[in-house]
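Each remark here refers to the structure printed beneath this line.
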Amino acid sequence: MTSTQPDVSSLYRCPLCKEPLIPEPSEPKQSSYRCVNRHHFDVAKEGYLHLLPVQHKNSKQPGDSKAMLQQRRQFLESGAYHPLVAALSEQLQHLAPTRLLDSGCGEGYYSGQLQAALPDTEFAGMDISKSAIQLAAKRYPDIAFCVASAKVLPYRDQQFDAILVLCAPFELAEVKRCLRPGGYLLLVTAAPKHLLQFKQAIYSEVRLHSDAIQLLPGFSHQRRQHCHFMLEQLGAEAYLSLLEMTPLGWKLPQQQKQLLCQSLTQLQADFYIDSYQYGS
């Protein structure tokens with residue numbers, strides 16, 4: 001089976017006035033969109049929409065930097081996090097969503113991997129980082145990517161059967177608005193021992209991540225899957241890429257980071273995948 005590209009002509013709403021965004025009728029390749037209030041948005045050459053107004057930015061260049069994104073892509077494409085991808089694929093194959101949003105999708109690795117596992121599902125992805133979405137749209141042209149804020153999702157109401165939030169911020173009210181009744185939120189968070197060996201080398205007193213299940217009003221918690229595995233003998237370069245793509249990378253000077261990664265032989269990866277159903 002081949003992948004299915006979303007019908008983006010009915011997907012978006014204007015981030016300024018919240019009216020539906022409609023493809024320009026003179027544009028067969030949907031190279032621009034306009035709402036009834038004449039707010040206009042062009043599709044970038046890479047194929048994504050930029051739907052992040054300046055008033056929704058929290059900095060001049062919000063989101064991950066190009067350097068962090070390059071480290072992230074290099075590490076993820078090594079397949080080191082395949083057990084997490086496999087666990088997510090299994091859950092989503094069981095749920096069989098018609099349309100899924102990867103909210104905070106970064107450079108698109110998980111969107112692309114999951115699309116390959118669910119070829120009949122329409123995929124959309126958004127991130128506040130323009131650099132991330134540029135990389136994502138180039139690599140995965142059959143996914144509808146846009147630059148936007150999770151606080152004001154640029155989608156019409158009830159567009160998705162499932163929303164994935166993988167170690168990213170989200171606005172619960174916006175998730176509710178964009179999910180169809182009975183739809184699912186898959187929330188991936190760091191479990192207590194995630195990257196424990198990094199923390200032990202950086203901090204004199206290590207604080208573990210919480211194991212509490214978040215209570216989300218309007219949602220019923222369906223399932224928690226504990227996905228944990230060891231990253232063994234990856235080599236200093238791969239460990240350094242992982243360190244650089246996390247906030248822990250800001251805690252040490254470059255030489256100490258390199259020495260730490262050269263000394264590592266294994267590293268704990270530890271995640272929770274919590275599944276919530278909306279309105280049940």
| Transitive ILVMFWY cluster of Leu135, excluding itself - 4.5 Å side-chain cut-off |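 Grouped by the 4.5 Å side-chain rule, Leu69 form the rest of the cluster around Leu135.
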
| Remaining members of hydrophobic cluster (4.5 Å side-chain criterion), Trp250 |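 ILVMFWY cluster around Trp250 also holds Met68.
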
Side chain to side chain contact (heavy atoms under 4.5 Å, CB included) with [X]: which residues, sequence neighbours excluded?
X: Lys18; result: Arg13
X: Ile22; result: Pro20, Arg156
X: Arg34; result: Glu24, Arg38, His40
X: Ser275; result: Gln91, Tyr184, Leu186, Gln222, Arg223

For [X], check ring-ring contact (aromatic ring centres under 6.0 Å, His included) against everything at least two apart and list the hits.
X: Tyr12; value: Tyr155
X: Phe75; value: Tyr81
X: Phe198; value: none
X: His209; value: none

Please report the interatomic distance [atom1]([X]) to [atom2]([Y]), rounded to the nearest 0.5 Å.
X: Gln197; Y: Leu243; atom1: CD; atom2: CG; value: 12.5 Å
X: Leu118; Y: Gln113; atom1: CG; atom2: CD; value: 12.0 Å
X: Asp142; Y: Glu122; atom1: CG; atom2: CD; value: 11.5 Å
X: Met126; Y: Ile163; atom1: CE; atom2: CD1; value: 10.0 Å

Atom [atom1] of residue position [X] - does it have more than 12 heavy atoms of other residues, nucleotides or ligands inside 6.0 Å?
X: His226; atom1: NE2; result: yes
X: Glu232; atom1: CD; result: yes
X: Lys199; atom1: NZ; result: yes

| When Ile128 is tested against each of Val147, Ile133, Leu52 for side chain to side chain contact (heavy atoms under 4.5 Å, CB included), which residue passes? |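 Checked Val147, Ile133, Leu52 against Ile128; only one passes side chain to side chain contact (heavy atoms under 4.5 Å, CB included): Leu52.
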
| Residue among Leu172, Asp274, Leu187 satisfying side chain to side chain contact (heavy atoms under 4.5 Å, CB included) with Gln214 |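 Between Gln214 and the candidates, side chain to side chain contact (heavy atoms under 4.5 Å, CB included) is satisfied uniquely by Leu187.
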
| field | CA sep, side-chain torsions, deciding dist, call: Leu196, Leu208, side-chain contact (heavy atoms from CB on, under 4.5 Å) | value | CA-CA 8 Å; Leu196 179 62; Leu208 301 181; 3.8 Å; yes

Do [X] and [Y] touch side chain to side chain, with heavy atoms closer than 4.5 Å?
X: Ser32; Y: Pro23; value: no
X: Leu267; Y: Met230; value: no
X: Thr189; Y: Leu166; value: no
X: Asp270; Y: Leu195; value: no
X: Leu179; Y: Gln158; value: no
X: Phe219; Y: Gln277; value: no
X: Leu11; Y: Gln159; value: yes
X: Thr98; Y: Phe160; value: no

| said: Please find the pair of heavy atoms, one from Ile143 and one from Gly112, that lie closest to each other, and give the distance. | reply: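 The answer is CD1-N, 4.0 Å.
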
| task | Take the angle between the ring planes of Phe145 and Tyr140 and call it parallel below 30°, perpendicular above 60°, tilted in between. | result |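 If you compare the ring of Phe145 with that of Tyr140, the planes turn out tilted.
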
| message | For residues 240-266, which residue pairs pass the salt bridge (charged side-chain N to carboxylate O under 4.0 Å, His left out) check, not counting sequence neighbours? | response |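 Salt bridge (charged side-chain N to carboxylate O under 4.0 Å, His left out) check on residues 240-266 returns Glu244-Lys257.
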
| task | Would you tell me whether Glu237 and Gln74 have side-chain atoms, one donor and one acceptor, within less than 3.5 Å of each other? | result |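 Judged by distance alone, the side chains do pair up.
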
| Is any side-chain N of the basic residue among Arg139 and Glu77 closer than 4.0 Å to the acidic one's carboxylate O? |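 The answer is yes: the pair qualifies as a salt bridge.
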
| query | Is the closest basic N to carboxylate O distance between Arg180 and Asp161 below 4.0 Å? | reply |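 Counted as a salt bridge, because a side-chain N and a carboxylate O are separated by less than 4.0 Å.
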
| message | Is there a path of hydrophobic side-chain contacts, each under 4.5 Å between heavy atoms, that joins Leu259 and Ile202? | response |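 Cluster IDs for Leu259 and Ile202 differ.
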
| request: Flag yes if Leu88 and Leu76 sit in one hydrophobic cluster, no otherwise; membership is Ile, Leu, Val, Met, Phe, Trp, Tyr, and two members link when side-chain heavy atoms are under 4.5 Å apart. | output: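 Yes, it is one cluster - the side chains of Leu88 and Leu76 are joined through contacts under 4.5 Å.
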
| Is the ring centre of Phe41 less than 6.0 Å from the ring centre of Tyr33? |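 Judged by ring-centre distance (under 6.0 Å), Phe41 and Tyr33 do not meet the cut-off.
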
| Test side-chain contact (heavy atoms from CB on, under 4.5 Å) applied to Arg73 and Gln70, step by step | CA-CA 5 Å; Arg73 171 161 281 182; Gln70 289 168 352; 6.0 Å; no

| request: Determine which pairs satisfy ring-ring contact (aromatic ring centres under 6.0 Å, His included) with at least one residue from residues 85-121, sequence neighbours left out, and list them in order. | output: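 Matches after skipping sequence neighbours: none remain.
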
